[in-house]
Amino acid sequence: MKARKYNPHQIEQKWQNIWPKEWESYKLQPGEEKYYCLDMWSYPSSDGLHTGHWRPYTIADAWARYQTLKGKKVLHPVGFDAFGLPAENAAIKNKTHPADYTKTSIANFTRQLHELGAMYDWSTHSVSSSPDYYRWTQWLFLQLYNNDLAYRKSALVNWCPKDQTVLANEQVIGGRCERCGTEVNKKELKQWFFKITDFAEDLLNFDGLTWPERVKTLQRAWIGKSEGAEIDFPITESNEKIKVFTTRPDTLMGVTYLVLAPEHPFVKLITSESQKNIVTAYQEQALKESEIERLTENRKKTGVFTGAYAKHPLTDKDIPIWVADYVLGTYGTGAVMGVPAHDSRDFIFARDYKLPIAYVISPPEGVVNDDAPYLEPGTMINSDDFNDQTNEAGGKAIVEALEKKGSGKWTVQYRLRDWLVSRQRYWGAPIPIIYCEKCGEQAVPESDLPVLLPTDVEFMPTGGSPLDRHPTFKHTSCPNCGGSATRETDTLDTFVDSSWYFLRYTDPKNDKEPFSKEQVEKWLPVDFYVGGVEHAILHLLYARFVTKALQRLNYVSFHEPFKQFYGNGIVYLHGSKMSKSKGNIVNPDDIVKRHGTDALRGYILFMGPGDQDVEWQENGILGVRRFMDKSWQIFHNVEIDSNNETVRPPIEKAYQAISDLLPHLYFNRCISTLMTAANELQDVRLNKHEAEILAIILSPFMPHLAEEVWSILGHSTSIFDAQWPVIEVAAEKTVIYAIQVNGKLRGTLEADREADESKIINESKRLLHAKSQLDENNIIKTIFVAGRIVNFVVK
RNA sequence: GCCGAGGUGGUGGAACGGUAUACACGAAGGACUUAAAAUCCUUUGCCCAAAAGGCUUGCGGGUUCAAAUCCCGCCCUCGGUACCA
């Protein structure tokens, strides 16, 4: 075989055209072992992909190909999350229709994904904005609606003034819109919600899932479970009770005031005549304040007295009721008991407003310092019957006493709020609800789905729902009474689309149902999911919720969608995350042109551990390219007709190492291993058997090169129809001992693997003696580790 | 503050408690060439002219025959998060 120069371009195009584009891999045959390998639904944009985007795709593809070689039937689907704000905003900016924008973006993405040479099954292809997909998104909405998991209510919600729509809590990052970074404000609006809070407890459970700690922690923090007590404080001169939530019922005897959030409904009810003006002014001012101002660190606490009092549930003492915005209307009961002696916030507030501070827990030793709140455990004091026990026992006793009186109980609070899913925007799935004056809210019958999104809509955002302005969309008849009725004109959050797409992939052409139970049960849960950790509390939480909801409704039997989640690290360039808007991106097209897809894939894997952030090194790609040139030469120096089955040590070693490393996803170390082997094999003439092994262990990372070599070696079928080789690697005959004195390396000794301990120790002594580095009389102890080390401990 | 991930050469990074710095980039020198690119060879953690030797995995302790790795106490960087009662 005469070595041509390695021409990646030619080879890669060849195989990208030959590799099947549609082979309906979701049709699992009896006896086949499934493996569902998924990368996150692409959000197509006209900007195209940069090398940072390639990272998860490359990881997923290497992994999918490896699983294939291990004999699994791999489902590795592809599709596009095309609905949503970014597409709509980009379309507006480019003065085009979102549908047209989406079409060109998808075409562009499709081309780039082909260039990646990934093992995608294009027959699974689904697009969230196509009616045969969103029909089932609407179906999903109806299932939730019909089972009390979707509802409409009026609430104070997040409003993005730039995008002119409401947002879910998860889409507000630090008081700003997740998409455009604009400060959000609060508006009282009637909106649609999904009851994710029903699953708060289930969502905390990650048993059996291989997920990175950081992602689990983020979700747990977002769900924010805290255990404590709900305690009633009856309002004097009213029949109402103020409910407070506290994690510290043990401090109940130290309550010196109560605080209501400014938006608490009781404020109006209880405020005394004389305080009315002050309180109303305070409420107005508090509501005006933006989330960002309110979140400012170390902000001065403000508040006003309502003029009203409540009775302490155990002592009946009058407790003044205040309004202060350090209490949030959206958490707990929107009211707290003020215990300045044992809570830092209450302490500051009480000091500033001259409210009494009553210590009810003292340190186990010494006396309490009254310049500061005491937050540690201790002994109950000043608490009547509850004195002299630990605060833990005291807390239990207090709740027991409250329970007896019917004015308190143990309870659990979550920070998680229901998921707001309606949007006042055009480019999304219409919410399938009809309002009839006679019959009220009506679900669109499933047989009438999809509720089509009209194309002739004036979609510039103005704050109202664009569909509302359409001449005909809105008008329909009531499915119940047949009378004239109107449609809901809000559309669904795009995260609803992406919260179930992995189910659709198992049955992408089904036009009777979103997926057949049989298909979904065959493939799910997803075995391996790769994507960015920035989705930790958006997509990943929503997808888990939807799966759990569908399980409750009996559409699926599993309760988690993603068995293993691999959060790929971010690629940085010049110290910040690659992004088109910042202008610091590396275009993969250029690199592919110069060095080929395989070199780029190889470098992406070689850069560093795939789950860690890494800085892009412009020249790093050269090392991989040189390795590929070298490999090309090695593969062209093969005894093609030989029946020799001996496997040389460099190949054995590489095979062994990669077989050990790859299951742990140590891609970077696999590439290093291959490089080492190539360096050792440069001048060697391989036999055919060796070349085949080498090609297979290289193929997950550089599939085009491996496939080409495989065909040159005389195979007419794909290398990915082959199996990961199983070879017995014989242990080497000799081993190298490190000879140490007091743990410091003093020399090395090559010895027979089978040589016995005393022989090796003697040889070691002789060696060190010759170098005058050991006085045998001083040896106190000799450590011998077979095959590794001899360590002489000397005086 | 709290939670998570990190801290190893000039750079990206390797290292079941057992020869720290593999692999690669970059740099220096050389070969080939009229020349350059490409390629190949050599060197490349620090100190010392070199050898010998010593030092070295953010800092300080500890455990161990032996620590980048385990334990304790700090420092720094990145990411997340926060009046959550």
Side-chain angles (χ1 to χ4, degrees), chain A residues 5 173-174 212-218 220-222 224-226 228-229 244-248 251 259 261 294-299 301 324-328 330-339 342-346 348-349 413-416 533-534 536-537 567 569-570 572 575 577 602-603 606-609 611-624 626-627 629-630 633 660 666 668-679 682 736-749 771-773 780-785 787-794:
Chain A
K5 201 172 151 21
I173 312 287
E213 207 49 51
R214 53 184 167 152
V215 176
K216 291 192 280 190
T217 309
L218 279 172
R220 285 198 196 102
W222 185 257
K225 179 180 183 173
S226 43
V244 305
F245 172 72
T246 178
T247 51
R248 295 292 305 274
T251 63
V259 195
R294 212 170 150 162
L295 293 178
T296 314
E297 232 175 308
N298 300 328
R299 186 159 161 271
K301 298 195 190 335
D325 70 357
Y326 80 89
V327 173
L328 306 174
T330 50
Y331 181 76
T333 58
V336 304
M337 58 186 210
V339 188
H342 304 290
D343 180 282
S344 2
R345 294 152 305 183
D346 296 346
I348 295 167
F349 188 74
Q413 277 292 336
Y414 300 92
R415 205 179 85 104
L416 183 69
V533 173
E534 70 271 18
I537 49 174
I570 295 167
Y572 288 82
K577 183 179 174 172
Y603 174 56
F606 181 61
M607 279 195 295
D611 54 358
Q612 268 173 44
D613 296 350
V614 69
E615 172 79 22
W616 182 270
Q617 307 258 300
E618 201 52 56
N619 280 323
I621 190 97
L622 287 176
V624 180
R626 285 175 193 144
F627 159 75
D629 288 336
K630 209 177 282 177
Q633 298 307 320
D660 290 345
Y666 297 143
N668 55 329
R669 291 164 65 186
C670 291
I671 308 285
S672 307
T673 301
L674 289 165
M675 286 175 167
T676 307
N679 291 341
Q682 290 200 71
I736 294 173
Y737 278 86
I739 313 302
Q740 302 178 333
V741 176
N742 284 348
K744 284 193 199 262
L745 185 71
R746 285 293 177 257
T748 55
L749 177 75
K771 294 171 83 180
S772 345
Q773 276 165 331
I780 304 167
K781 196 174 171 187
T782 302
I783 307 286
F784 175 83
V785 182
R788 287 188 174 278
I789 271 192
V790 177
N791 186 16
F792 297 108
V793 185
V794 298

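Here is the naming used below: chain letters follow the sequence lines, and residue numbers restart at 1 for every chain.
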Sugar-phosphate, base or nothing in reach of A:K744, heavy atoms under 4.0 Å: sugar-phosphate

Pairwise P distance for B:G45 and B:U21, with rounding to whole Å: 10 Å

Earlier contact from the 5' end, RNA chain B, for A:R746 and A:D629: A:D629

Atom-pair distance (CG on A:N742; C1' on B:A67), nearest Å: 15 Å

Separation of atom CG in A:D611 from atom P in B:G13, rounded to whole Å: 12 Å

Which nucleotide in B:G13, B:C41, B:U19 has an atom nearest any side-chain atom of A:L745: B:U19

Atom-to-atom span, CD of A:E615 to P of B:U77 - whole angstrom: 18 Å

Sugar-phosphate, base or nothing in reach of A:V614, heavy atoms under 4.0 Å: sugar-phosphate

Chi class for B:G73: syn within 90° of 0, otherwise anti: anti

A:K225 side, atom NZ; A:L416 side, atom CG - distance, nearest 0.5 Å: 13.0 Å

Protein-nucleotides 21-28 of chain B N/O pairs closer than 3.5 Å?
unit_1: B:A24; atom_1: OP1; unit_2: A:N679; atom_2: ND2; d: 2.9
unit_1: B:C25; atom_1: OP1; unit_2: A:R626; atom_2: NH1; d: 2.4

Touch class at under 4.0 angstrom, heavy-atom based, for A:Q413 against every strand present: nothing

Sugar-phosphate only, base, or nothing, as touched by A:T748 at under 4.0 Å among non-hydrogen atoms: base

A:Y603 or A:M337, whichever maps to the more 5' nucleotide of RNA chain B: A:Y603

Rounded distance in Å between the P positions of B:G62 and B:A68: 15 Å

Non-hydrogen side-chain atoms of A:Y603 and A:W616 separated by less than 4.5 Å: yes

Minimum-distance nucleotide to A:T217 side chain [options: B:C3, B:A66, B:G80]: B:C3

Atom pair distance, as rounded to whole Å: NZ in A:K577 and C1' in B:C78: 14 Å

Touch class at under 4.0 angstrom, heavy-atom based, for A:D613 against every strand present: sugar-phosphate

A:Y737 side chain near B:U19 phosphate (N/O to OP1/OP2, under 4.0 Å): no

C1' atoms of B:C25 and B:A14, separation to the nearest Å: 15 Å

B:C3 and B:U57, which share atom name P, separated by this distance in whole Å: 28 Å

Sugar-phosphate, base or nothing in reach of A:I789, heavy atoms under 4.0 Å: base

Check: A:K630 and A:N679 side chains under 4.5 Å, non-hydrogen atoms: yes

Separation of B:G6 C1' from A:Y572 OH (nearest whole Å): 12 Å

Close side-chain approach of A:R248 to A:D343, heavy-atom, < 4.5 Å: no

Side-chain donor-acceptor contact under 3.5 Å, A:Y666 with A:D660: no

Sugar-phosphate only, base, or nothing, as touched by A:P212 at under 4.0 Å among non-hydrogen atoms: nothing

